[in-house]
Visitor: 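Encoded as structure tokens, here's the structure I'll be asking about.
Residue numbers begin at 1 in each chain, while the letters A, B, ... track the order of the sequences. What's counted below: heavy atoms across the whole structure, side chains too, no hydrogens, waters or symmetry copies.
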Amino acid sequence: MERALGIDIVCAPPNARDGGRAIRSILRILVCLTLACAAARADTLAQIVQRGSFVWGADQEGGGLYAFLDAVDPSQPRGCDVDLAQALARELTREFGRPIEARFAQGQWDKLPELLETGRIDLVLNGFEWMPERAQRMRSTIPYYVFELQLLVRADAGASGWDWLRTRPAKRVGVLGGSAAERYLAEHEPGLELVSYDGSTNAMGDVASGRLDATLQDLPIAIYYRRNFPSLEPAGELVGAGRYVIYVRRTDAALCDALDRAIRSLRADGTLEAIYTRYDCWNAAQLTSPLLELPRADVQDSRSGAGESSFLARHASTLLQAAGMTVLLSLASFPLAIALGILVALGRRYGPRWVSWPLGVYVEVLRGTPLMLQLFVLFYVLPNAGLRLDALLAAVLGLAINYSAYEAEIYRAGLQAVPPGQMEAALALGMSQRLALRRIVLPQAVRIVIPATTNDFIALFKDTSVCSVITVVELTKSYNIAAMNNPADVLPLAVLAGLLYLAMSYPLSLLSSRLEARLRR
Amino acid sequence: MSEVASARAAGQSPVIRVADLHKRHGELEVLRGITLEVQRGDVAVIIGPSGGGKSTFLRCLNGLERFDEGRVTIHGTTLLPQMERSLEARALREVRAHVGMVFQQFHLFPHMTVLENIVEAPIHVAHVPPEEARTRARTLLERVGLAAKAERRPGVLSGGEQQRVAIARALAMNPEVILFDEPTSSLDPRMTGEVLSVMSDLAQEGLTMLVVTHAMAFARKAAKHVHVFHEGRVVESGPPEQVLEDPRERVTREFLRLAWG
Ligand SMILES: Nc1ncnc2c1ncn2[C@@H]1O[C@H](COP(=O)(O)OP(=O)(O)OP(=O)(O)O)[C@@H](O)[C@H]1O
Ligand SMILES: [Mg+2]
């Protein structure tokens, strides 16, 4: 059954809908179960009042003025969202006559809706834009801020604005993954090369270093970070006005209404103005913009047309393409890792001290630090030293270098597992050490290490997902993007991505057990 | 000493000449001044209690082990304790080209067939044309009675068969002398017989051999000289009928009592 599905998905032309329908019907059951659980939860507002606090989720990484680490006291987040959360807490305290405080919870920005739905936080308050899809999945308050998008370019790029962006060759533009800016550009500016980042500052830094031509940011972000990137300047008119809202779970109507009342009251008494003036981004639109009203009735409960077109038609080709990137990353980096690993292992086992000792350090450092950190260093830190690698190259190198340490240890153990008598017998026959290694010791070591090496290949294959932190869109990242933009498809998407991984790794396992069986003869 | 003198007088030349060999492992002095010669065509047998330095001595002869004092001369090439790197490499190449070795644990290459084991060094070290090497390997396998096993892997052979392959492998390089380090010690009596009979044939054909063994019957029959090693010294040397039947040294008597025991 699973196998049949896997094949269906991999080979299906977009109009083959049976596989998709099968997945959907299984998953619909799961979705219903999940929703049932959510409904069974007691009313969140009552709980908040009772326990005297609400938990709001935000991301401090590249979190701009919304939420960031206090330089003096890093245990306390700061930012306009923090100020707003506290103001909301004060409003709720006044309304319900009991002390209610705002408790901050750190979460990855694009995963905040999941944290909300799984009950780990009570509300999402982190510069989240109102979008029909989100409003369908979660319940949205009225806007607390109206923003626009600002294009940022290098001052020396000679860029005049939007027209320049449309000239050839195609410009590379960085955006926050899942942000309003990403959607705006995808819709209105075809022909651009969009690069999706996890944090706004990384994108701005890459414009400054020349890896990107421009970045489109929410105006508050652009204003706030300008001083960190003096080489950047705003270009072109503001576009894509949107609203920041607070999201709560769909079932929390009471909480949503209470927050709406609190926001209205904060706007009326000037608290909002005071907060945003502090961060340099208060403007007249905050009181006059037509966007302050939500198109609530007609959208919040309507079902979008997304469900009507085939699930596979919408996602199969993007996910397949991303799976191709996963394969490319694996196939390009692992042979490199093996080659490096062999050299390091030989150096450690047979080299003089001044070779073997530094190689030992190499292995320990690479095994003792996370792959993600190594990728960050390759991609974001090396440019400061004048070495600018593009994302794919950095990803391949990072994986290869990281895995070379593991391979080296495996091969060293493999070399040690070949009985010393083999080398002595070869030397006694007149072979040089080099020839004896090549003809006698290495072939036996290879047989010993093959199981561990194929294991590592499968591990590396899955570790390629870490490369998304340096803007490489491989299968996991592609799933993330699709899931964020199509909240209703989250479960079938997860299954499809999982099946794609399996469809790629299972043949690998088969191949490796074949290889082992053959070498054991 | 008089033995050596008479050998020279008979016009023989030593293939192996060792003078005052010392070898230390840290504090432990494993060899304490070994002087010994083996003439062309002779079979010399080394016996002695465990830990006496017999294996270490053999391994010094083909450079598997370095030594601390003295000199080893094989077929005119001399190994010394301190040698310049490139000189040492050349000397080792020369020496190993003339010296074959057979180990107690066989050390056949498990990833190759029997035939490949035998032709490996002729093809890749001596650069004999592959076809020629294979033809000769089959002849050698016939000689040790294993012509039928050429395409097998060593792992499926009995211990005795493996050791005979190892002997064929050593012979394939046409060595001046073959060193045997307890070639039958890990074999049962029947397999020991197979191997010793091959070795006796080789002795008969005039191959120079230096054999560490506890097989007294073989020593008695095939050896020209027997040397007794004890605590890093040669305590007694002589023809087998004297050393084995009328030993002068207490160490030898004790060792023989246990060996025949
Ligand atoms: N690599 C080494 N490091 C330290 N000591 C060693 C090493 N190799 C051998 N020895 C010691 O040197 C001594 C002589 O060893 P060797 O193997 O030459 O004796 P042997 O006469 O061959 O004994 P056996 O009859 O048991 O094979 C032993 O005491 C042994 O423990
Ligand atoms: Mg020994």
Visitor: Measure the spacing between CD1 of I118(B) and CG of L429(A) and express it to the nearest 0.5 Å.
Guide: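 Nearest 0.5 Å value for the CD1-CG distance: 11.0 Å.
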Visitor: Tell me which of these, P110(B), A97(B), P122(B), has more heavy-atom pairs under 4.5 Å with chain A than the rest.
Guide: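 Greatest number of close heavy-atom pairs with chain A: P110(B).
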Visitor: Below 4.5 Å from any heavy atom of chain A, which atoms of F103(B) appear? Answer side chain, backbone, both or neither.
Guide: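 For F103(B), side-chain heavy atoms alone lie under 4.5 Å from chain A.
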Visitor: Starting at CE of M112(B), measure out to CD of Q444(A) and round the result to the nearest 0.5 Å.
Guide: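 Spacing of CE (M112(B)) from CD (Q444(A)) equals 8.0 Å.
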Visitor: What residue in M101(B), R169(B), H124(B), M173(B) has the most heavy-atom pairs under 4.5 Å with chain A?
Guide: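 Of the candidates given, the most pairs with chain A belong to H124(B).
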Visitor: Is the CD atom of E205(B) crowded by more than 12 outside heavy atoms at less than 6.0 Å?
Guide: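 Atom CD in E205(B) is crowded, with more than 12 foreign heavy atoms closer than 6.0 Å.
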Visitor: Please name the pair of heavy atoms, one in M431(A) and one in V125(B), separated by the smallest distance, quoted to 0.1 Å.
Guide: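 Distance-wise, the nearest heavy atoms are CG-CG2, 3.7 Å.
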Visitor: Around atom CZ of R152(B), are there more than 12 heavy atoms of other residues, nucleotides or ligands at under 6.0 Å?
Guide: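 No, CZ of R152(B) has 12 or fewer neighbouring heavy atoms, counting only those of other groups under 6.0 Å.
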Visitor: A quick test of your reading: do over 12 heavy atoms of other residues, nucleotides or ligands sit less than 6.0 Å from CD of E364(A)?
Guide: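 Atom CD in E364(A) is crowded, with more than 12 foreign heavy atoms closer than 6.0 Å.
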Visitor: Using a 4.5 angstrom heavy-atom cutoff, name the option from V99(B), V102(B), N62(B), L64(B) with the most pairs to chain A.
Guide: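 Highest number of heavy-atom pairs under 4.5 Å: L64(B).
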Visitor: Please determine whether the number of non-hydrogen atoms from other residues, nucleotides or ligands lying under 6.0 Å from atom CZ of R367(A) exceeds 12.
Guide: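 Counting neighbours around CZ of R367(A), more than 12 heavy atoms of other residues, nucleotides or ligands fall under 6.0 Å, so yes.
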Visitor: Between G430(A), G421(A), A428(A), P443(A), which shows the greatest number of heavy-atom pairs under 4.5 Å with chain B?
Guide: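 Winner by heavy-atom pair count: G421(A).
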Visitor: Relative to chain B, which segment of I440(A) carries a heavy atom at a distance below 4.5 Å: side chain, backbone, both, or neither?
Guide: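 When you check distances to chain B, atoms from both the backbone and side chain of I440(A) fall under 4.5 Å.
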Visitor: Report which part of L92(B) has an atom under 4.5 Å of a heavy atom belonging to chain A: side chain, backbone, both, or neither.
Guide: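 Neither part.
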Visitor: First locate atom CZ of R439(A), then atom CD of E120(B), and finally report the distance between them rounded to the nearest 0.5 Å.
Guide: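 R439(A) atom CZ to E120(B) atom CD measures 4.0 Å (nearest 0.5 Å).
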Visitor: Under 4.5 Å from any heavy atom of chain A, what part of V95(B) do you find: side chain, backbone, both or neither?
Guide: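 Answer is neither: V95(B) stays 4.5 Å or more from chain A.
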